[in-house]
> 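Okay, handing you the structure first.
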Amino acid sequence: MANKQRVCIIGSGNWGSAIAKIIGANAKRLDNFEDEVTMYVYEEMIDGKKLTEIINETHENVKYLPGHKIPENVIAVPDVVDAAQNADILVFVVPHQFIRRICSTLLGKLKPNAVGLSLIKGFDKKEGGGIQLISHIITEQLNIPMAVLMGANLASEVADEMFCETTIGCKNKDTGLILRDMIQTNFFRVVVVDDVDSVECCGALKNIVACGAGFVDGLSLGDNTKAAVIRLGLMEMIKFVDLFFPGGNLSTFFESCGVADLITTCYGGRNRKVSEAFVKKNKPIDELESEMLNGQKLQGPITAEEVNYMLKLKGMEDKFPLFTAVHNIFIGKEKVIAFIDCIRNHPEHMYGNENLPPSCRL
């Protein structure tokens, strides 16, 4: 990597805009980064004016992160190639269903030594069966090395500069330190580990568990029940990663990307919030997204569908009853009350730690 790094943020939702506040301020402050940071913004019209123009004139993303100033050295760009072509570091933070299209647009347009950092939480289906991590898709399509960032990081709290931790998974130690410098502040502390796949899987799978926590809230069943969902969900997360993305470390699940992100999302995230409304209002998810998320997409139901695709392919739905129940409830195959039966009869209650693969037992 070159001495002075140029950064591009690909995405400008609430999380992308919150991270732009940090990266912009650090780029301006630190000598090893170029001052200017580009941010790819999907162009929208807001009250008759382009969103990129509003951001560049007012330094505020009035749609996705209102009330927060983005540093003036962060430049909103409506064309992803224009934003990314000179960047040494590409920070990907878009809904995961759009990543293949973005990569196809960027193919052959990037600096040959560019590296990527994915903040995207989810999987995607592979042609021919199975699922694939988003960072793997980006590496395959763009031929750039990828790191990932996942943690207990609600965008609104990060934007408000409330203290939190995060985890960067990066195989290259030197690159990991540069990425840490780009992201870390006195309120946003970074731990770098080399267990990249486990870090990324945690970020995706916890959204399914958070939907289950939302069902519990919608049924008004209390914190004891939610605690059971969190514990059983964590067990399924560990087992899923060990089976389908083996070679990681159990300790990764005790970093911010693991248990901390899981707890935060089960109490404060959008997946929990919309899933609670799904139970109380009895409306379809797409209708609730329109009402509650200001145009943004919910990741939990999509990830549950992708995970179920893998489990069904392998004949293992019964081995992951919590993940399976969340998916079946969203598609109308089961009533939400069945989720409690799933928790009550979970195999973990019968076999305990023996239900986990040997490599995951404490």
Side-chain angles (χ1 to χ4, degrees), residues 117-123 130-136 146-153 164-173 175-176 179-180 189-213 226-267 269 300 303-304 306-307 310-311 314 316-324 326 343 346-362:
L117 177 68
S118 175
L119 280 63
I120 303 171
K121 298 179 177 180
F123 301 99
I131 57 176
Q132 195 170 16
L133 290 169
I134 302 302
S135 68
H136 292 190
M146 288 295 300
V148 300
L149 181 148
M150 307 283 156
N153 311 140
C164 65
E165 302 173 314
T166 200
T167 309
I168 288 178
C170 185
K171 291 291 187 185
N172 184 292
K173 185 176 180 180
T175 300
L179 296 175
R180 184 195 64 188
R189 307 306 290 177
V190 179
V191 173
V192 181
V193 301
D194 63 4
D195 188 7
V196 182
D197 287 357
S198 297
V199 172
E200 187 169 2
C201 284
C202 284
L205 296 171
K206 58 92 181 183
N207 283 330
I208 306 176
V209 185
C211 291
K226 187 186 285 192
V229 169
I230 292 171
R231 188 185 76 85
L232 295 171
L234 178 62
M235 299 293 276
E236 291 196 13
M237 288 168 59
I238 293 170
K239 184 165 71 168
F240 186 92
V241 175
D242 185 80
L243 287 172
F244 297 116
F245 299 93
N249 301 315
L250 183 60
S251 60
T252 302
F253 292 88
F254 298 95
E255 297 289 350
S256 181
C257 63
V259 66
D261 193 12
L262 178 62
I263 293 168
T264 298
T265 311
C266 286
Y267 278 92
T303 304
E306 290 158 349
V307 165
M310 183 74 155
L311 296 178
K314 301 292 185 180
M316 300 184 72
E317 288 178 287
D318 62 328
K319 303 293 185 185
F320 296 86
L322 189 150
F323 290 171
T324 301
V326 169
I343 299 303
H346 198 282
E348 160 66 10
H349 293 138
M350 184 176 297
Y351 300 111
N353 226 16
E354 295 178 9
N355 190 49
L356 283 173
S359 61
C360 289
R361 295 175 197 164
L362 292 172

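Predicted model only: the values in this text are computed from it and were never measured.
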> Please confirm whether the backbone N or O of Cys257 pairs with a side-chain atom of Thr167, one donor and one acceptor, at under 3.5 Å?
yes

> Return the NZ to CG distance between Lys121 and Asn153, rounded to the nearest 0.5 Å.
6.0 Å

> Could you list all the side chain to side chain donor-acceptor pair (under 3.5 Å) pairs where at least one residue sits in residues 199-208, not counting sequence neighbours?
Ser135-Glu200, Lys206-Thr265, Asn207-Asn271

> Can you find a heavy atom in the side chain of Ile238 that is under 4.5 Å from one in the side chain of Leu250?
yes

> Got a second to check how far Phe123's CZ is from Ile134's CD1, nearest 0.5 Å?
8.5 Å

> Which of parallel (below 30°), tilted (30 to 60°) and perpendicular (above 60°) describes Phe323 and Phe240?
perpendicular

> Could you measure the distance from the SG atom of Cys201 to the CZ atom of Phe253? Nearest 0.5 Å is fine.
7.5 Å

> For the CG atom of Asp261 and the CE atom of Met150, what is their distance to the nearest 0.5 Å?
9.0 Å

> What is the distance from atom CZ of Phe245 to atom CD of Gln132, rounded to the nearest 0.5 Å?
8.5 Å

> If you take all heavy atoms of Glu236 and Leu322, which pair is closest and at what distance?
OE2-N, 2.8 Å

> How close do Leu243 and Met316 get, counting heavy atoms only, and between which atoms?
CD1-CE, 3.5 Å

> With no hydrogens and no angle check, is any side-chain donor or acceptor of Lys239 less than 3.5 Å from a backbone partner on Lys319?
yes

> Is it true that a side-chain atom of Lys226 and a backbone atom of Cys266 form a donor plus acceptor pair closer than 3.5 Å?
yes

> Could I get the full list of side-chain hydrogen bond (donor to acceptor under 3.5 Å, both in side chains) partners for Asp197, not counting sequence neighbours?
His136

> Give the minimum heavy-atom separation between Leu179 and Ala147, together with the two atoms involved.
CD1-CB, 3.6 Å

> According to side chain to side chain donor-acceptor pair (under 3.5 Å), does anything in residues 249-259 pair up with another residue at least two apart or in another chain? List the pairs.
Asp195-Thr252

> Show the nearest heavy-atom pair for residues Leu149 and Ile168, with the distance to one decimal.
CD1-CG1, 3.8 Å

> Closest approach of Arg180 and Val192, non-hydrogen atoms and distance?
CB-CG2, 4.1 Å

> CD/Glu348 to CD1/Ile343 distance, rounded to the nearest 0.5 angstrom?
11.0 Å

> Using only atom types and a distance under 3.5 Å, with no angle test, would you say the side chain of Thr303 pairs donor to acceptor with the backbone of Ile208?
no

> Which heavy-atom pair separates Ala152 from Thr264 by the least distance, and what is that distance?
CB-OG1, 3.3 Å

> Apply side chain to side chain contact (heavy atoms under 4.5 Å, CB included) to Phe244 and Val307, showing your working.
CA-CA 11 Å; Phe244 297 116; Val307 165; over 6 Å; no

